K.L.:
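Structure provided below as structure tokens; questions to follow.
Since this is a predicted model, take the numbers as computed values, not measurements. Atom set for the values below is all heavy atoms of this structure, side chains included, hydrogens, waters and symmetry mates excluded. One-based numbering, in listed order, for ligands and for the atoms of each.
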Amino acid sequence: MRLVDSHVHLDDSKFDADREAVIERALAAGVACMMAIGTGHLETAIRLAERYPFIVATIGVHPHDASKTTPETFARLRDLAAHPKVAAIGEIGLDYHYDFSPRDVQRAVFLKQLEIAAEAGKPVVIHSREAWADTMAMLGPPHRGIIHCFTGDPQQAREALALGFHLAFGGVLTFPKADAVREAARITPEDRLLLETDCPYLAPAPHRGQRNEPAFVIDVARRLAEVRGCTLDEIAAQTTRNFERLFERLCLRREAVNG
Ligand SMILES: [Zn+2]
Ligand SMILES: [Zn+2]
């Protein structure tokens with residue numbers, strides 16, 4: 001069985017003490033590929049991706065950090081977008097829950113990065129929290145990409161799917177109160193489903209409250225299989241195939257990694 005964790009923050013300081021062991025556990029659990037999200041310092045995910053053949057990177061400015069951008073940030077993003085292991089621009093979007101950056105600045109920085117992604121021909125990884133209507137309005141034309149940590153209802157799922165997005169489900173799918181999210185996961189076409197952990201955040205049951213890690217993506221996969229009335233193997237095959245199609249087989253196969 002091969003799984004993909006489409007959203008990891010392995011550069012987070014919470015992994016500084018045991019990053020190698022965390023990666024080993026992921027491989028042992030069947031995780032064949034991980035997408036490292038590069039926020040904060042733009043290059044941190046690329047460094048991980050250069051080191052490990054089964055990690056691909058994204059680059060982007062998180063909405064939390066929108067007010068820290070300068071013209072140089074966007075020039076750097078344009079340059080880095082050409083790096084062979086940069087799979088996508090992300091995570092980018094809007095976060096009106098924390099409002100760490102003013103909303104008009106968040107929108108301007110989001111728009112700028114959507115333009116950079118379009119120029120570079122790269123998919124986008126979207127973060128949207130308590131900002132659904134504005135996010136959808138800004139995404140307008142059809143897009144290749146992921147709504148990461150999808151926690152919306154079936155109607156919101158349909159809106160994102162109509163724009164061409166894949167929906168990535170994570171730990172929230174396993175939370176007791178997340179019936180609407182599970183219903184959204186049930187109605188999503190099988191060729192638009194992805195798995196993620198968003199580690200170190202949002203650990204799925206039965207690890208809830210602990211530091212999350214990529215090996216736990218199997219718990220999300222198991223729950224998704226239950227929700228959709230299929231087997232774990234089927235979910236693994238569907239979501240891995242979807243990831244490989246979306247990112248043009250950027251990830252090496254496990255066999256190649258070991259060889
Ligand atoms: Zn996010
Ligand atoms: Zn994230």
Side-chain angles (χ1 to χ4, degrees), residues 4-15 19 22 26 31 33-49 55-69 77 86-101 103 106-107 109-110 113-114 117 122-132 134-136 138-139 143 145-152 156-157 160 165-175 178 181 184 194-204 207-208 210-217 220 243 246-247:
V4 172
D5 186 345
S6 67
H7 199 106
V8 301
H9 292 278
L10 277 178
D11 60 327
D12 194 284
S13 60
K14 292 191 181 72
F15 294 117
R19 190 168 288 105
V22 167
V31 178
C33 184
M34 293 169 254
M35 187 151 75
I37 304 301
T39 53
H41 295 290
L42 293 178
E43 287 94 343
T44 53
I46 293 178
R47 273 188 220 119
L48 278 166
I55 295 180
V56 295
T58 72
I59 48 165
V61 178
H62 194 286
H64 289 344
D65 301 318
S67 55
K68 296 180 202 158
T69 53
L77 279 172
V86 169
I89 307 300
E91 58 188 293
I92 59 175
L94 304 173
D95 193 312
Y96 295 173
H97 178 75
Y98 288 108
D99 279 328
F100 286 150
S101 291
R103 292 180 182 185
Q106 290 190 42
R107 287 192 289 267
V109 169
F110 183 26
Q113 294 184 98
L114 287 171
K122 301 270 179 177
V124 287
V125 178
I126 304 296
H127 170 107
S128 178
R129 188 159 182 201
E130 292 173 27
W132 187 257
D134 279 9
T135 305
M136 288 296 109
M138 288 183 63
L139 288 171
H143 273 285
I146 302 174
I147 308 291
H148 116 82
C149 190
F150 184 82
T151 50
Q156 292 172 329
F165 279 98
H166 288 63
L167 306 183
F169 293 91
V172 172
L173 191 75
T174 69
F175 295 178
V181 179
L194 293 171
L195 299 169
E196 68 165 58
T197 58
D198 201 12
C199 65
Y201 314 106
L202 288 170
H207 309 284
R208 200 169 173 187
Q210 299 172 26
R211 181 189 70 174
N212 198 2
E213 63 175 73
F216 298 167
V217 78
V220 180
F243 185 88
L246 187 52
F247 297 106

K.L.:
Of all the heavy-atom pairs spanning L42 and I59, show the shortest one and how long it is.
P.N.:
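Distance-wise, the nearest heavy atoms are O-CG2, 3.5 Å.
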K.L.:
Tell me, do H127 and P63 make a side-chain contact under 4.5 Å, heavy atoms counted?
P.N.:
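The answer is yes, as the side chains (C-beta and beyond) meet within the 4.5 Å cut-off.
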K.L.:
When you compare the side chains of H207 and N212, does any donor N or O come within less than 3.5 Å of an acceptor on the partner?
P.N.:
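No, because no side-chain N or O of H207 sits under 3.5 Å from a partner of the opposite role on N212.
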K.L.:
Residues in side-chain hydrogen bond (donor to acceptor under 3.5 Å, both in side chains) with D134, at least two apart?
P.N.:
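Partners of D134 under the side-chain hydrogen bond (donor to acceptor under 3.5 Å, both in side chains) test: Y96, R107.
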K.L.:
Near the Zn ion (ligand 2), meaning under 2.8 Å, how many protein N/O/S atoms are there?
P.N.:
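N, O or S atoms of the protein closer than 2.8 Å: 4.
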K.L.:
Among I126, V125, V124, T135, which residue meets the side-chain contact (heavy atoms from CB on, under 4.5 Å) test with I147?
P.N.:
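It is I126; the other options fail the test.
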K.L.:
Regarding Q106 and H64, is there a side-chain donor-to-acceptor distance under 3.5 Å anywhere?
P.N.:
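There is no such pair between these side chains.
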